[in-house]
Every structure is written in C-alpha cells, then in structure tokens.
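Taking it in order: structure first as structure tokens, then the write-up.
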Amino acid sequence: MIRARLAGKEGEYAQGTTVLDVIKDIDKAALKNAVAVKVNGRARGFKDVLEDGEAVIEPIGSDTKEGLEILRHSASHVMAQAVKSLRKDARLAIGPAIEDGFYYDFDVDRPFTPEDLVAIEAGMKEIIKADYPFVAETFSSSDALALFERMGEPYKKEIIEELKADEVCVYKQGDFIDLCRGPHVPSTGWIKAFKLTSFAGAYWRGSEKNRMLQRIYGTAFASKQALEAHLTRLEEAKKRDHRKLGRELGLFSTSDDIGAGLTLWHPAGATVRRVIEDFWKAEHVANDYSLVYTPHIAQVGLWKTSGHWDFYRENLFSPMDVEGQDYIVKPMNCPFHIEIYKSGLKSYRDLPIRYAELGTVYRYERSGALHGLLRVRGFTQDDAHIFMTPAQLKDEIKGVLNFTLYILKAFGFNEFDIYLSTRPDKYVGELENWALAEDALKKALDSTGLAYAIDPGEGVFYGPKIDVKIKDMLGRAWQCSTIQVDFNLPERFDVTYRDETGAEKRPIMIHRALMGSLERFFGCLIEHYAGAFPLWLAPVQAIVMTVTDRNNAYAEKVRARLKQSGIRVELDMRNEKLGFKIREAQLRKIPYQLVIGDAEEKDGKAAPRAMGSKTFEPMTIDEFLSRVKDENRPLVAREGLQGNTLS
RNA sequence: GCCGAUGUAGCUCAGGGGUAGAGCAACUGAUUCGUAAUCAGUAGGUCGGGGGUUCAAUUCCCCCCGUCGGCUCCA
C-alpha cells in the first residue's frame, strides 16, 4: 500500500502506481510547469513507480534550479542522440547539467567542426519534434556491462565498473540508450528552448593523463524568452570584457615582444591603479599596518626553506645563476616579510606585527591557462603578513575580515560569497591550534552577520582560511580576498618571540590579500563598471570642451582651475563640432563633460553633462566642484563609515 | 602543456599562387559650429615569426610564437 501526499491532499494507492497516476488523481494542476517531481525529497520522474509506504510528492518547476537541471540533463541526452545518429565514430562519455547549461563528452576520431554543431542542432530539433518518451529501465550490472559492450561504449562500461552497484539504471529515448540515474523530463518534446554554445577538448575524467575527448556545450531553458534573456546576458558580458575595454579605453596591453601574461599598464590604467594604491596605502597605515618593500629576486634557498621549491616547482620560473648561486624571481612575498620579522628579536609586547606590501610576484602559468588580466605570469599582490600570539588570533582575524569588507565596499562591491575552509586530512601544526584558528575564523564570520558556507577539509595543509568572492553587477563571482592562517612557515623559518616569562614561543602567522592581485581586481572593476568608473577612480574625471575657438582662453582657465582643485581634467579645443566632442567623451566614458560656449564664458560658468545623457544648467566652477566633492571619494567614505580616506 | 579555432593598416574586418583592399582612427586643408559622428584630400601593411615547395608564397606544407573557447592548474 502506498500513502501518497501532494499539495496537502492524500490518497491511498495499490502497488505499481506511478507518480503520474497519483498526480492525475489528486491534483492535475500540479503538472503545470513541472518537469519532474520530488518524492520524499528525492528527484524522480513522472513515470517512476512508487514504493510501498509514505510518499510525499512535490512538483519540481521548470523554472527552479532543480527543474532546470533536469531539463538540461535531458537536453544533453537529446544532443548525444543527435551526435550518435550523425557520427558513427562517437563513443559516449558523460553528459551532465552544469551551471547555465549542459555538456556531453564524446570520443570521436575526428574533432567536431562548427558545421557539425549546426547539423547536431538540427538533429536535436528532429528528436524533440518526434517527442520520444524517456523510459527508465533497471539492469543488473552484468547485463548492463554486456549491453554497453555490445554497443561499443567503453566509457559507460568503465563507469559501471566503478559504481560497484548490483543494479544500474538505463534511460532510453527512441533508439538511444544511455546509462543514467535520471530523472528526466517525460519526453523529448518537453525541451522547448535550447542552443548549442561551443565545443572544446576535454580530458576524460579531467586528467591530462587520459585521452582527450571532444566536449559540446549547450544550454536549455523552460521558455524561449528565458533562453533569449540568457543569450542577452552573455552578450552583455561580452561587451564588458575587460580585454576589449582595456584596449578601447587605453587601460593596458600586452606585447608579443615582451611575453605572454605580462601586463603593460598604460597611462589611463596606471592612473586607476595609482588611485587604488594610494587609497590602499592610506587605509593600511590608518589600520596600523607597517608598509614594507622587498626585492624581486632572492636565493633559491629561501624557497627550499618555505617548501615552495618542492611543492610548487612547476609554477616557479627557472633559477638564474648569480656568481654560482641560484636566484629566482619571487613567486610570493611571505619569506621576505618573515626575514624582516627575524631581523631582530621580537617580544610579545611587539605583537601583533603587520607587514603589508604591494608585492609584485612572478609565477609560471602554462600558456593555455593565461587569460587577460585574470590569469597572468606577473602580478602585484596586495599582500600582508601578520605575526601574533595565539591569544591575539581571534581579534586579529576579526579585524582583518572587517577591513577586507570595508575595502571591497569602497569599490562598490556589496554582495559576497564567503567560504570557510577547514582542516584537510593532510595537515601540519597542532590540533589545538587548528581548533583555535577555525573557531576564530568562524566567530569573526558570525560577527559580520553575513552568510557563509563551510568547505570541510578544503583548507590548505598549513592552516584554515576564509575566501571572499565578490559579486559583480552581472552577479558573477570573482575570487579576490583570502585570509589564511599559517602554522607552517613560522615553524619552517623558526620564527619566534619572547613571552612574559622570557621563554621562546612560536607566533601564528596570517597571510592575507584583500584585492588578491591588482591585475585581477582591476579586470573585475572594469567588468563591474563596464569601463565607466565611478568618479574617484576614473582616469580622466572631467573634460572641458569648447563650442568655438572664441572660447579657448576662458576654457583654458577653467581647466587650470579644475586641475588645481585636484580634478583629473582634459581640455578639448579641437576644431570639431560639439556633438563630435561629446560623442568621443562618452565613448571614453569620462564622468563629466564641461561645455564652454559664449553664454558660459560671459557668465563665468560651465555647462556640465554627466556620463550618459544627463545635462545640468550652467554653473560656476566652484558650484561644480562642491557638487562632485562627495562623488570623488571611495564609496564607504560617502556612507559615513569608518576609515581614513583621501579626502 | 593538451584539443579546436584564429593571427591581413592603430581598431573592426574583406580578399586570395603573380608582392593587397574597405570603414573608423591618424595627418593636411576647408568649415567656427550648442550636447553621441561636418566635408574634402593625404599617408599608412616584409599579410605574427622562421623554414620548405615553386619561375613566383601573404595565399600551399612544416615548425615556432601570440590570441580566443575549453580541459588542467590556481600555494
């Protein structure tokens, strides 16, 4: 006997009853918009037969996360069916739903081409039109192995063998058979809106030791409108691409003659960076950090002591010979800060000690990994290392976390994904210290009132950490800040302090970066603001433009006055029409344009126009300056929060 | 590093075995103009680099480099 509940109603059913039978009996309306159901919390298909006992049924809407996953998973099967019918050489690997879509990996003799993609899409449309039902069938593992052996599907066999289950589930639609745990939508006709987006090579099981397969990516949505909206979002993201804007706005470039992954900061980009750095330094001084500078190269022994030489050698640039000694360019700053600490005897009275540096480091990244400013071979970390007694850990972490959020908010980021990663299986340090550190991190997070996720066992071997990802205007998450407790380096470098009794003690170290790297953070800022930086960051904040050359002398005075007041200002006296000058300034995304014509000159004013299309009545320069005064500050300062800003 | 695509003027792109073309930008001149493109003219390229095939290569072949989409990595 099955006791089924749905939408607050109940019914009793005989054995062999399917989910669909129950829904039809209790509440047909629940079918609307649903792609599958949850039975007792587990996702199932409509045609699944219910087991004896209690069955709580909840529909899964096609617009929910779970519903979309099912829809996309089904779409990946349809794609695989289309590929199998078009390409006899294709053997199936895996085809899951992923964030924003799905993919399927195939082992093929000849890689796919763009034309293949078009043909596959057409094939999928046929299959959807034919509306084949998805039919689940349970096989014993040995029968399933035999089945996939007959079908010539070695990857499926490998998966079954690894499952080590007695029974496996197989889904069929039309003449297509695939190993799959389901659930699926009832039939292929349910896939209303899909699109294949790209294809690329991908290793079997993600390991480069394995054969490279060909992966096709696609996406599917509940409706054509939702798909369109998604594609529009992708277009929007493309428009904001920092590599494109970086070139158009003259922010940065790279050069073949210099080398991949090495960034040239052009004057406009360098100006933004300078503003960021000035703000960063002022805030660190205000928060009792000591700013330091350290060399770019050092003897390789430093990295042997730190352990990086053994662990991360493939990411270090090769050593250079200096009078018989091996030197490398630094991949990180920590050993230098430790050496500064160790240059004199430290007492518990000195702690905590906070060394901060905008330290430029070089790491060898494989060519295929490089990406704009986000993945480079030379970058500047906004690094700091804090040395403290175990008793100071809790307050220190709280301080660092608040400082982090303060800085990120200053740049206009207010949404975060926060992760706490705890002790992994392989670790160094005392259990009691790990407990102390994890507790301190957790308490600090709790005190912010922000939501966070715990990644159990995902900490680094040397200590637990907090990672903060910032969400940009399009809701994309960017990994920037990290706060890591380190029990390892103080040990390896024999870092000590003297306690109240004069005994030698081991300090705890925190390694932290707020923006992560200036390159990556800049890339993120560019995309967040689509290149239209807020006034305080804009490379050129205002441009004075004349209507005719009668106004040149007065315009020059206006420019001088603004410049004197600390505004980054340009003057456009070219013999061009005003509309042309406006257009160009808009394309350069300059926050304010100040129009100077005969009328303004006569009244000693200027007519401002803001980025976009907002125009203002003519005003005096003093009026303009007082109007933009607040805007020309980091965002947190405007909100009256703590902090010593550049005002 | 691997798979695939790609590299032609500053930018966006067309072309194609007989040493290259457009639009925008640049430069020169005319125009003195009021909130997103005034008109005309001029100049600009060892077709990513190297090697090979050929009477002849930017075009075909090979190698390398960069870039793009992924895989992998991200202390």
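Note on naming: letters A, B, ... go to the chains in the order of the sequence lines (proteins, then strands), and numbering restarts at 1 for each one.
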Phosphate contact ([N] OP1 or OP2) by [X] side-chain N/O below 4.0 Å:
X         : N      : answer
Tyr217(A) : C71(B) : yes
Arg211(A) : C2(B)  : no
Arg609(A) : G34(B) : no

Side chains of residues 417-425 of chain A: which donor-acceptor pairs under 3.5 Å do they make with residues two or more places apart or in other chains?
residue	atom	partner	partner atom	Å
Thr422(A)	OG1	Gly457(A)	N	3.0

With sequence neighbours excluded, tell me which residues meet ring pair (Phe, Tyr, Trp, His ring centres under 6.0 Å) with [X].
X         : result
Phe487(A) : Trp434(A)
Tyr155(A) : Trp204(A)
Phe194(A) : none
His511(A) : His385(A)

Notebook entry, point to check: Applying ring pair (Phe, Tyr, Trp, His ring centres under 6.0 Å), which residue pairs with at least one partner in residues 86-124 of chain A are found, sequence neighbours left out?
Noted result: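 Those involving residues 86-124 of chain A are Tyr103(A)-Tyr217(A), Tyr104(A)-Phe106(A), Phe106(A)-Phe112(A).
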Look for any protein N or O under 3.5 Å of an N or O in nucleotides 10-16 of chain B and output each such pair with its distance, or none.
residue	atom	partner	partner atom	Å
U12(B)	OP1	Arg247(A)	NH2	3.0

Checklist line | All pairs passing salt bridge (charged side-chain N to carboxylate O under 4.0 Å, His left out) where residues 596-612 of chain A contributes a residue, at least two apart | finding: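 Residue pairs with at least one partner in residues 596-612 of chain A: Arg550(A)-Asp598(A).
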Check: Where along residues 199-207 of chain A does a heavy atom come under 4.0 Å from RNA chain B, residue by residue in number order?
Finding: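 Here the set is Phe199(A), Ala200(A), Gly201(A), Ala202(A), Tyr203(A), Gly206(A).
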Check: Considering only heavy atoms, which members of residues 474-486 of chain A lie under 4.0 Å from some atom of RNA chain B?
Finding: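 Residues of residues 474-486 of chain A that come under 4.0 Å of RNA chain B are, in numerical order, Gln484(A).
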Note to self: Both Ala369(A) and Leu587(A) contact RNA chain B. Taking the nearest nucleotide for each, which residue is further toward the 5' end?
What the structure shows: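 Upstream on the strand: Ala369(A).
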Check: What does nucleotides 61-67 of chain B look like as a protein-contact string, B for base, S for sugar-phosphate only, - for none, at under 4.0 angstrom between heavy atoms?
Finding: -----SS
Item checked: Secondary-structure stems, RNA chain B, at least 3 Watson-Crick or G-U base pairs under 3.5 Å ->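 In RNA chain B, stems of three or more pairs: B:1-7 with B:65-71, B:10-13 with B:21-24, B:26-30 with B:38-42, B:48-52 with B:60-64.
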